Every structure is written in C-alpha cells, then in structure tokens.
Peer 1: 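My questions all concern the structure below.
For ligands, and for the atoms within them, numbers begin at 1 and follow the listed sequence. In this text, all values refer to a predicted model and were calculated from it rather than measured experimentally. By convention here, the first residue in the shown sequence is residue 1.
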Amino acid sequence: MTCARSIRVRGVVQGVGFRPFVFRLAHANTLAGWVLNGEEGVEIHLEGAEPALDAFLRDLQAQPPPAARITALEVRFAEPAGFQDFSIRESHSRAQPSTRISPDLPVCDECLRELFDPLDLRYWYPYINCTNCGPRYTITQALPYDRHNTTMSNWPLDEACARQYHDPGDRRFHAQPVSCPACGPHYFLMCAEEIAVADEPSIAATADLLRCGKIVAVKGLGGYHLVCDAANHAAVLALRERKYRKEKPFAVMAKDLASARALTHLTADAEALMTSSARPIVLAPARIALPGVAPDNDELGVMLPYAPLHHLLFAAGAPEVLVMTSANRSSEPIAYTDDDARERLSEIADAFLIGERAIARRVDDSVARAGAFGPVILRRSRGYAPGAVARFAADRPILAVGADLKNTITLVAGGQAFVSQHIGDLDHYQAFEAFRETIRDLLSMYQVRPEDLLIVRDDHPQYVSTVHAFELPAAERRSVQHHRAHIASVLAEREAWDEPVLGVSFDGTGYGDDGAIWGGEIFAGSIARGFERIAHLRYAPLPGGDAAAQHPVQAAAGFLLDIEGLPSLAAPPFLFPQRYEVARQLARTGVRTFLTSSMGRLFDTAAALLGFQGPISFEGQAAMWLEHIARTAPQRDAYPFPLAGAELDFRPLLLAVAEDRLRGRDPGEIARAFQLGIAQGLCGALETLSRQAGIDSVVLSGGVFQNEMLLQDIQSVVADGRLRVSTNRAVPPNDGGISLGQAAMAAMGATDR
Ligand SMILES: [Zn+2]
Ligand SMILES: [Zn+2]
C-alpha cells in the first residue's frame with residue numbers, strides 16, 4: 001500500500017548538498033515525490049511503502065551531508081498524489097533568501113581523494129569542489145545562490161562538468177562553483193619579473209620558495225595570506241619587520257592533525273574544533289617553541305588545511321608548519337583583490353601565488369578556543385559567517401552596527417540574526433570602508449530596504465559606528481549601552497529572552513550611563529526587562545582617557561593614585577618612567593582625566609607593577625603578558641579583592657602586588673595570586689549579589705574573559721556552589737559580539753537603563 005509523508009527539515013540545510021542527498025536517498029528507497037528549498041528549510045513530499053518511508057527518515061537523520069546541521073524535523077501524514085518518480089523542484093519564488101547563504105566549507109574527503117588520483121579529471125586541480133564542500137559566501141555576489149551570481153560566472157562549464165552539474169545522482173549536481181582544469185580558473189606565480197603559469201608548476205615553485213625562507217602572498221578563500229616557514233626564525237623576523245607587526249602572535253597552518261598535535265596540547269574538544277567544518281585557528285597550549293611566532297604567549301594558534309590549494313602546497317613539499325597570517329600591513333583589513341594585494345604587499349612578499357577566481361568579499365580566518373566553559377569563538381569569520389546565530393521574534397528588520405573595535409554588524413531579517421564576518425578596528429580608514437561595504441552587502445543580499453530598518457548603535461557619541469548610524473536612512477534609531485550589549489549577546493545566542501541573570505561584563509573600554517569609562521560592571525535583569533547595574537569596579541581616575549590603553553603606566557597612575565602605603569615606584573624594582581609622574585599629576589589635578597571602572601586597565605596596572613611598561617602594540621597585550629607569566633607559577637595564594645557595598649575594591653589587591661614585588665617575590669607568583677584574587681573576589685561578590693537578587697544564573701562576557709586562566713579559576717571556584725555560569729559560544733566575548741547583543745536588546749524593546 002502506498003503511504004505518503006510531508007516533511008520539513010530546518011537548520012543548515014541549504015547550499016550544503018541537501019537536496020541531492022534527499023534525491024539519492026529517495027531513489028535508494030524507491031520512493032516517489034519531490035524536494036525543494038522552502039521559506040523555512042527544505043520541504044519534502046514522499047510516497048511509497050511504509051518500511052521504505054521509515055528507512056528514509058532513519059537515514060536522513062543518521063547520515064546527512066557533512067556540512068548540514070538538522071535542528072528540527074517535522075513529519076506529517078499526507079495524501080498520496082500518485083507520483084511516479086522523485087524530482088528536485090524549483091524553489092518557492094518567495095523563498096526567504098535569508099536561509100540560503102552557507103558559510104564556506106573545507107574540501108571534503110572525496111574531493112581530496114580525487115585531487116591526488118592521477119587518473120581523475122581534477123588531479124592536482126586547486127579549485128576542486130562538490131556540493132559537500134568548497135567556497136560559498138566568499139564567491140556569492142547576489143542571491144539566489146546560482147552560478148551566474150558567483151565569481152565563477154566567467155568560466156562556462158565544459159561538457160564533462162556540465163554532465164555532472166545536471167546529473168541528480170552525481171556529487172556535483174548543482175554544485176555552483178564546479179569546474180575542472182579544462183574549463184575553470186587556474187593559479188599562477190609572480191616572482192619578480194618571472195611568471196610561472198599552470199597550477200602544478202606554480203604551486204611546486206611556491207613550496208620551493210617557502211623552503212628557502214621566502215615570504216609568499218597566497219590567495220586563499222576569503223583573502224590573501226602572507227606565508228612563510230614557521231620554523232625559519234629569519235623568515236619569521238623578516239615578516240614581522242616588513243609587516244610592521246612587532247609582537248602580536250602569528251597563526252600557523254599545520255600539515256595535518258598529527259603535526260598539529262606535535263605543536264600543541266590538544267584536548268578532544270580542541271581537536272573537534274580544529275577539524276570542524278569551520279576549520280578555525282584554534283588557540284591551544286604550545287608544546288614547542290617557534291621563535292618569533294607567538295612571543296610572550298603560552299598558546300599557539302593552529303589551523304589545518306581547508307582549501308585544496310593548502311593540501312597541494314604541503315604535498316608539493318612546503319615546510320610542515322607554515323606561518324599563515326592575514327595579508328595586510330599592521331592592523332589594516334585583509335587584502336582580497338589582486339590589484340590591492342600586489343600594491344599593498346609589494347614591500348612584504350617576495351612572490352605572489354595568485355588564483356584567477358575572484359573573491360566576492362573579504363573573510364578572515366576565524367579564531368576559537370576549547371575553553372573552560374566550552375568552545376568559544378574569539379574571531380567569527382570564515383566558516384561561520386554569515387550563518388544565523390539565533391532566531392528572533394522581530395517583526396521588522398534590525399541592523400546593529402556594533403562597536404568600534406573588533407567590529408561586526410548584525411542584521412536581523414526574516415526572524416533570523418545574521419552576524420557578519422569580523423570587520424576590524426574602525427579607526428583604520430580601510431576598515432571603516434569595509435564596515436560600510438559589509439552593511440551594503442548584507443542589506444542587498446537579504447533584500448532589506450534601509451528605510452525599513454531599526455538601527456541600533458552603541459551609546460558612545462564619538463564612535464565612528466555611532467556617527468555612521470545617523471548617516472544611514474532608517475525607520476527608527478536606538479542605542480544600547482556597551483556592557484549591557486555584552487551580557488545580552490550571551491543570552492541572545494541561547495534565545496533566552498526572559499531569563500533573569502547576574503551579568504558580569506569585564507572589558508577594556510565602554511561608554512557608561514554616567515559618561516564614565518566603564519568596563520567592570522555587574523548587572524541584574526533580562527533582555528526583556530533590561531539590565532540594572534548593581535555593582536561595579538571602584539572608580540579610578542584615568543589620565544588621558546581611552547588613550548591610556550596604550551600605556552600601562554598611565555593607567556597605573558590613576559589606579560594607584562589614592563592607595564596609601566605604596567612604595568616609591570620610580571625606584572627599583574619598579575623603575576616607572578617619567579610618563580607615570582606626568583600622568584599622576586594629571587590625575588591629581590583632574591586635567592584630561594576621566595573616571596573608569598575598567599577591568600582591562602586594572603590588569604594593565606598590575607602588569608605595569610610587574611615589569612610590563614609598554615607601550616602596547618596590540619589590544620590586550622599587557623593582560624596577555626600577565627596571564628603568560630602567571631602560568632609559570634603554581635596556584636597558591638590569592639590577593640584580596642573584596643566587594644564593599646556595591647563596589648569591588650581593587651586597592652587591597654594592588655597594594656599586595658606592589659608590596660610583594662618590593663619584597664622580591666617572583667613576578668610569576670604575584671601574577672598568579674593576582675589572577676586568582678580576581679576570580680575569588682568576583683565569585684564571592686556574586687554569591688552575595690545572588691542572594692540579594694534571588695538569581696543564581698550568571699553570565700560572563702567582555703574582552704577580559706578571553707583570559708582563559710581567569711575562566712579556569714572561576715570554574716574551579718564555582719564548581720561545587722549553586723551558581724550556574726555561562727559564557728559566549730557563538731559570538732566572541734570581545735567586542736565582536738556587541739552587535740548581536742545590541743540587536744537583541746532592541747528587538748525586545750528593552751530600554752537602555
Ligand atoms: Zn567535495
Ligand atoms: Zn570542466
């Protein structure tokens with residue numbers, strides 16, 4: 001007897017080879033009907049024998065395509081309509097484009113096998129892909145995701161590729177970027193005046209150059225990388241010098257998992273992250289030192305090959321571990337067009353390995369870590385963007401423009417929140433251009449009219465993003481306080497709109513309700529009802545304001561100002577420079593001085609007392625240095641960091657640091673006791689506040705929580721208690737998560753204060 005089912009599959013099921021997979025599965029089970037991409041996922045109508053229908057449903061869930069993620073499966077009984085065969089139908093014309101852009105995918109195992117099979121059509125072809133793998137977001141110029149809307153439109157399919165593209169039984173059925181050496185794009189190498197053409201010779205020559213210690217600019221999926229041998233100290237130093245990147249760690253690419261394991265201590269969680277379809281750079285404790293790669297850091301950022309090109313480079317004999325850093329000078333955005341790369345990188349790269357396929361938009365590598373509270377994404381870009389991170393019950397489109405550092409934007413359209421790729425620091429003109437480009441890009445991609453938008457911005461009146469929010473047309477505009485947005489980002493990821501929490505926002509800098517520079521705040525409330533500030537780090541004067549972030553001793557001048565019994569800091573072992581005295585004078589008189597509750601500046605102050613005087617060359621450097629030296633010492637004591645009324649008092653903490661340093665205690669041990677003091681002080685405060693507020697759910701967010709040791713300490717302190725602690729998972733705890741939190745606060749209509 002013929003039975004029928006009507007099925008809807010939700011989740012990441014479009015642009016990942018799901019329809020051909022359903023087609024093959026229906027054929028294997030002799031079922032008739034159809035499949036199509038609908039507004040809310042993939043819709044399937046099936047007819048056939050009852051056992052075959054059951055088998056189909058079992059296999060559908062047991063072995064979906066590698067990049068697919070099924071979040072919900074709805075099965076209803078239906079009337080048989082007498083279908084004779086199974087077909088893939090055209091999508092609904094009204095289908096929400098929002099469900100259709102997949103993040104980029106790493107090359108799959110089947111394609112890899114073909115890549116190294118001398119008898120295969122695509123042997124050694126760097127642009128090999130299929131419906132289960134390959135570029136998506138980085139080649140998509142418009143929706144729907146069809147070949148003519150991608151950067152592959154210049155290369156018409158030849159007969160062999162066309163046959164596969166049109167065969168529903170083939171792995172390349174409707175694989176939009178499909179091509180082969182005969183009909184598709186190629187790589188070539190430019191080295192001084194010489195040009196090596198053809199894929200194999202240019203890739204082999206690149207591997208040779210890398211072995212000889214040269215720096216090569218290599219075009220990848222979402223932009224150019226600067227690449228050199230990570231074990232060649234001279235090459236790494238040359239790269240630092242030419243790139244004007246003094247100390248910030250470089251990421252590396254390891255040939256395979258075995259080589260990544262030799263480089264770093266990888267937990268099962270870290271390996272799962274590293275081999276996940278996003279293939280992020282994973283931060284993990286280093287096993288070996290690669291001089292110059294990650295100075296003053298215990299961790300190494302390692303990723304695995306994800307594009308076919310990377311596998312070919314290693315197969316051609318490139319060194320087993322390569323520095324692979326975004327191709328730019330200093331902290332400019334990554335170069336992604338050929339002309340721009342050749343112009344901006346001519347002084348840096350010895351050669352250029354250029355692929356002919358254009359990149360539609362810049363997308364950096366993502367950065368993640370398997371942390372104490374689970375996997376956390378520190379930079380959300382390739383492999384994640386522009387995937388939806390949450391469903392919003394918003395009845396109109398929302399654009400949240402984020403903060404000025406580590407900027408991302410969030411667009412809420414069709415009830416889904418899409419967080420953009422990492423854009424960067426907007427004080428760089430090129431990053432600001434990228435910011436505007438990304439807004440235009442996402443709005444046009446999801447067919448949102450700017451004049452329908454609710455635009456959300458930070459409270460900071462001088463943020464570049466704030467100013468731009470007023471330049472865009474909009475139906476309505478709102479602002480959200482920086483640290484409330486951090487807390488809301490954690491809850492929005494979980495779609496926990498009403499959950500009351502204690503929210504801890506430990507951060508560098510953010511504009512507070514009272515105009516002070518906030519960054520050590522504890523709130524109580526929910527997204528729906530708003531967050532009330534119930535405690536904060538004691539205010540300290542901050543001479544120079546935000547500019548003090550560049551100089552730890554400048555922050556120290558403010559934080560140490562009214563601590564009694566401090567030793568002279570001009571004398572050994574402190575030897576603070578003149579800048580400290582000047583800043584101290586400013587702080588004392590109040591000239592160009594602001595109040596701050598920034599935890600970031602508190603860490604800077606402790607680092608300054610322990611010998612790190614700066615200036616810093618990248619955000620968070622002093623705190624990272626402090627964590628680094630703390631890791632050299634065992635966990636023993638903790639300095640006091642009490643909650644007095646509604647204020648966390650840092651004075652006993654800093655006094656203990658200064659006194660122990662004067663006594664000649666090892667700086668590593670002091671840093672360790674400082675770190676543990678922060679964790680214990682915070683947890684003690686939360687115990688008290690939790691009883692007062694009747695809330696035992698705690699949310700941690702803000703840039704300071706990138707400090708993994710702090711999270712580990714907090715976890716060990718709360719392990720046996722009644723507080724339930726959660727942190728960010730889908731968006732970064734740093735300012736990269738702000739836009740999601742802004743969108744969430746605005747969507748729920750929660751007012752700011
Ligand atoms: Zn594939
Ligand atoms: Zn072809």
Side-chain angles (χ1 to χ4, degrees), residues 12-25 63-69 88 101-140 145-188 197-200 203 220-222 256-257 275-279 303-315 355-358 382-383:
V12 182
V13 288
Q14 299 181 348
V16 291
F18 206 84
R19 287 175 306 158
F21 157 73
V22 168
F23 179 92
R24 287 192 295 275
L25 207 55
Q63 37 186 283
R69 197 161 50 86
I88 297 182
I101 313 173
S102 159
D104 299 289
L105 298 168
V107 58
C108 74
D109 289 344
E110 280 170 287
C111 283
L112 266 185
R113 255 192 307 280
E114 293 173 350
L115 186 62
F116 293 109
D117 174 1
L119 298 178
D120 192 90
L121 173 63
R122 299 181 182 84
Y123 176 61
W124 263 77
Y125 183 53
Y127 287 114
I128 189 171
N129 63 77
C130 70
T131 49
N132 295 325
C133 75
R136 296 287 189 276
Y137 188 43
T138 52
I139 58 164
T140 306
Y145 175 61
D146 283 329
R147 189 179 181 94
H148 67 268
N149 282 333
T150 71
T151 59
M152 284 300 293
S153 59
N154 289 341
W155 290 278
L157 298 179
D158 64 357
E159 214 188 301
C161 286
R163 209 179 312 121
Q164 296 178 322
Y165 182 90
H166 292 295
D167 175 3
D170 195 277
R171 210 172 84 244
R172 297 198 165 85
F173 175 65
H174 283 195
Q176 305 306 341
V178 69
S179 61
C180 73
C183 68
H186 295 280
Y187 268 85
F188 61 97
V197 288
D199 300 311
E200 188 165 352
I203 292 168
L221 265 188
D256 50 28
L257 192 56
T275 55
S276 69
S277 72
R279 289 285 198 284
M303 63 182 150
L304 294 175
Y306 52 87
L309 176 73
H310 303 145
H311 291 274
L312 292 173
L313 273 173
F314 288 116
E356 293 173 319
R357 185 177 74 202
R382 179 189 47 77

Peer 1: Distance-only, no hydrogens or angles: does the R382 side chain make a donor-acceptor pair with backbone N or O of A278 under 3.5 Å?
Peer 2: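 Yes, R382 side chain to A278 backbone: donor-acceptor pair under 3.5 Å.
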Peer 1: Do the ring centers of H166 and F173 come within less than 6.0 Å of each other?
Peer 2: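 No, ring centres 6.0 Å or more apart.
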Peer 1: Taking the Zn ion (ligand 2) as the vertex, measure the angle between atom SG in C180 and atom SG in C161; round to 10°.
Peer 2: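 Taking the Zn ion (ligand 2) as the apex, the two atoms subtend 110°.
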Peer 1: Is D158 close enough to the Zn ion (ligand 2) that one of its N, O or S atoms comes in under 2.8 Å?
Peer 2: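 Here the distance criterion (N, O or S atom, under 2.8 Å) is met by D158, so yes.
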Peer 1: With Y306, which of L221, V107, L105 fulfils side-chain contact (heavy atoms from CB on, under 4.5 Å)?
Peer 2: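 Of the listed options, the one satisfying the test is L221.
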Peer 1: Angle at the Zn ion (ligand 1), SG of C133 to SG of C108, rounded to 10 degrees, please.
Peer 2: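 Vertex the Zn ion (ligand 1), arms to SG of C133 and SG of C108: 110°.
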Peer 1: Under 4.5 Å between any side-chain heavy atoms of E110 and C133, yes or no?
Peer 2: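 No. Closest side-chain heavy atoms not under 4.5 Å.
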